[in-house]
Amino acid sequence: MRVLLALALLVAFPAQAETVLARRAIPPNTSIAASDLALAPGDIAGAARDISDVIGRESGVAIYPGHPVMLEHLRQPALIERNDTIELRYTKGPLTILTEGRALRRGHFGSRIPVLNLGSKSTVSGIVTHDGAVEVGR
């Protein structure tokens, strides 16, 4: 009897899902703050359901006011901006070579970006590390 009552309550009062919406226009490559977001009742496939999943992330596309924030349009914030002077790092066993480079594109942790080696004037490609350097030769 208790099981039937519990099932009846679940059917009578379904859980209300919420969707994260943009409160203002959010341009691409913008870090998202709590003040940019609102919750609305509803369940939209692919949309964020929890504001904490969105705060601190970066928008990959323009998000318009009142539109849902889609998880596929979010990414980690960039650690390197285009034209930043960054540290280029090559490591092979105990050997580490460091030099300066100029980022030719924005990059977030784990992304591969092209970098102009300022010493040799050649363009190399490397992976952005957690400290904002670029590791080449991996």
Side-chain angles (χ1 to χ4, degrees):
M1 184 66 179
R2 287 183 191 169
V3 173
L4 289 175
L5 180 60
L7 286 173
L9 288 174
L10 286 175
V11 172
F13 302 105
Q16 202 52 310
E18 292 184 315
T19 298
V20 178
L21 303 178
R23 187 175 287 188
R24 66 169 187 88
I26 302 171
N29 304 326
T30 301
S31 184
I32 300 174
S35 60
D36 299 329
L37 307 170
L39 283 175
D43 187 15
I44 298 172
R49 293 190 178 118
D50 188 354
I51 287 180
S52 65
D53 293 339
V54 179
I55 295 173
R57 306 280 303 270
E58 187 176 86
S59 61
V61 299
I63 305 172
Y64 298 99
H67 287 227
V69 177
M70 306 303 284
L71 292 172
E72 68 181 325
H73 296 154
L74 301 177
R75 59 183 175 222
Q76 294 300 319
L79 295 174
I80 296 173
E81 294 294 329
R82 185 175 186 275
N83 287 327
D84 278 356
T85 301
I86 53 95
E87 180 178 274
L88 271 174
R89 193 180 301 148
Y90 174 81
T91 304
K92 183 81 170 187
L95 173 70
T96 299
I97 300 172
L98 303 174
T99 189
E100 283 190 329
R102 181 163 318 278
L104 300 178
R105 192 171 22 160
R106 300 176 88 239
H108 60 275
F109 174 70
S111 64
R112 181 173 290 277
I113 64 167
V115 178
L116 175 67
N117 180 328
L118 295 177
S120 67
K121 303 297 184 209
S122 62
T123 301
V124 296
S125 178
I127 306 290
V128 178
T129 61
H130 69 281
D131 60 351
V134 174
E135 182 80 29
V136 295
R138 284 209 258 173

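Here Asp53 contributes atom CG and Ile32 contributes atom CD1; the two are 11.5 Å apart, rounded to the nearest 0.5 Å. Rounding to the nearest 0.5 angstrom, the gap separating the OG1 atom in Thr19 from the CD1 atom in Ile44 is 4.5 Å. Rounded to the nearest 0.5 angstrom, Leu37 CG and Arg23 CZ are separated by 7.5 Å. Separation of atoms OG (Ser111) and CZ (Arg105) is listed at 7.5 Å; rounding is to 0.5 Å. Of the inter-residue distances, the one linking Thr129 atom OG1 with Phe109 atom CZ reads 7.5 Å to the nearest 0.5 angstrom. One distance of note links OG1 of Thr99 with OH of Tyr90; it measures 14.5 Å at 0.5 Å rounding.
For the pair Ala103 and Ile86, the tightest heavy-atom approach, listed with the atom from each and the gap, is N-CG1, 4.4 Å. Of all non-hydrogen atoms in Pro28 and Ala62, the two that sit nearest each other are CG-N, 3.7 Å. Closest approach of Ala40 and Leu21 over heavy atoms only: CB-CD1, 3.3 Å. The nearest pair of heavy atoms linking Leu98 to Arg89 is CD2-CG, 3.5 Å. Residues Ala48 and Leu71 share a closest heavy-atom pair of CB-CD2, 3.7 Å. Of all the heavy atoms in Ile63 and Ala22, the pair that sits closest is CG2-CB, 3.6 Å.
A salt bridge (Lys or Arg N to Asp or Glu O under 4.0 Å) check over residues 76-86, counting only residues at least two apart or in different chains, returns the pairs Glu81-Arg106.
The cluster map of Ile, Leu, Val, Met, Phe, Trp and Tyr, joined by side-chain heavy atoms under 4.5 Å apart, puts Val115 and Ile80 in the same cluster. Grouping the Ile, Leu, Val, Met, Phe, Trp and Tyr side chains by contacts below 4.5 angstrom, directly or via other members, places Val124 apart from Ile127. By the criterion of side-chain heavy atoms lying less than 4.5 angstrom apart, applied directly or through intervening Ile, Leu, Val, Met, Phe, Trp or Tyr residues, Ile51 is grouped together with Leu74 in one hydrophobic cluster. Side-chain heavy atoms closer than 4.5 Å link hydrophobic residues (I, L, V, M, F, W, Y) into clusters, and following such links, possibly through other members, connects Leu88 to Ile113. Follow the hydrophobic side-chain contacts under 4.5 Å out from Ile97 and you reach Val136 in the same cluster.
For the pair Ser59 (side chain) and Pro27 (backbone), a donor-acceptor distance under 3.5 Å is present.
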Show your reasoning for whether side-chain contact (heavy atoms from CB on, under 4.5 Å) applies to Asp43 and Arg49. CA-CA 8 Å; Asp43 187 15; Arg49 293 190 178 118; 2.5 Å; yes
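You'll find the side chain of Gln76 stays beyond 4.5 Å of the side chain of Glu58, heavy atoms only.
By the 4.5 Å side-chain criterion applied to Ile, Leu, Val, Met, Phe, Trp and Tyr, Leu118 is assigned to a cluster that also includes Leu104, Leu116.
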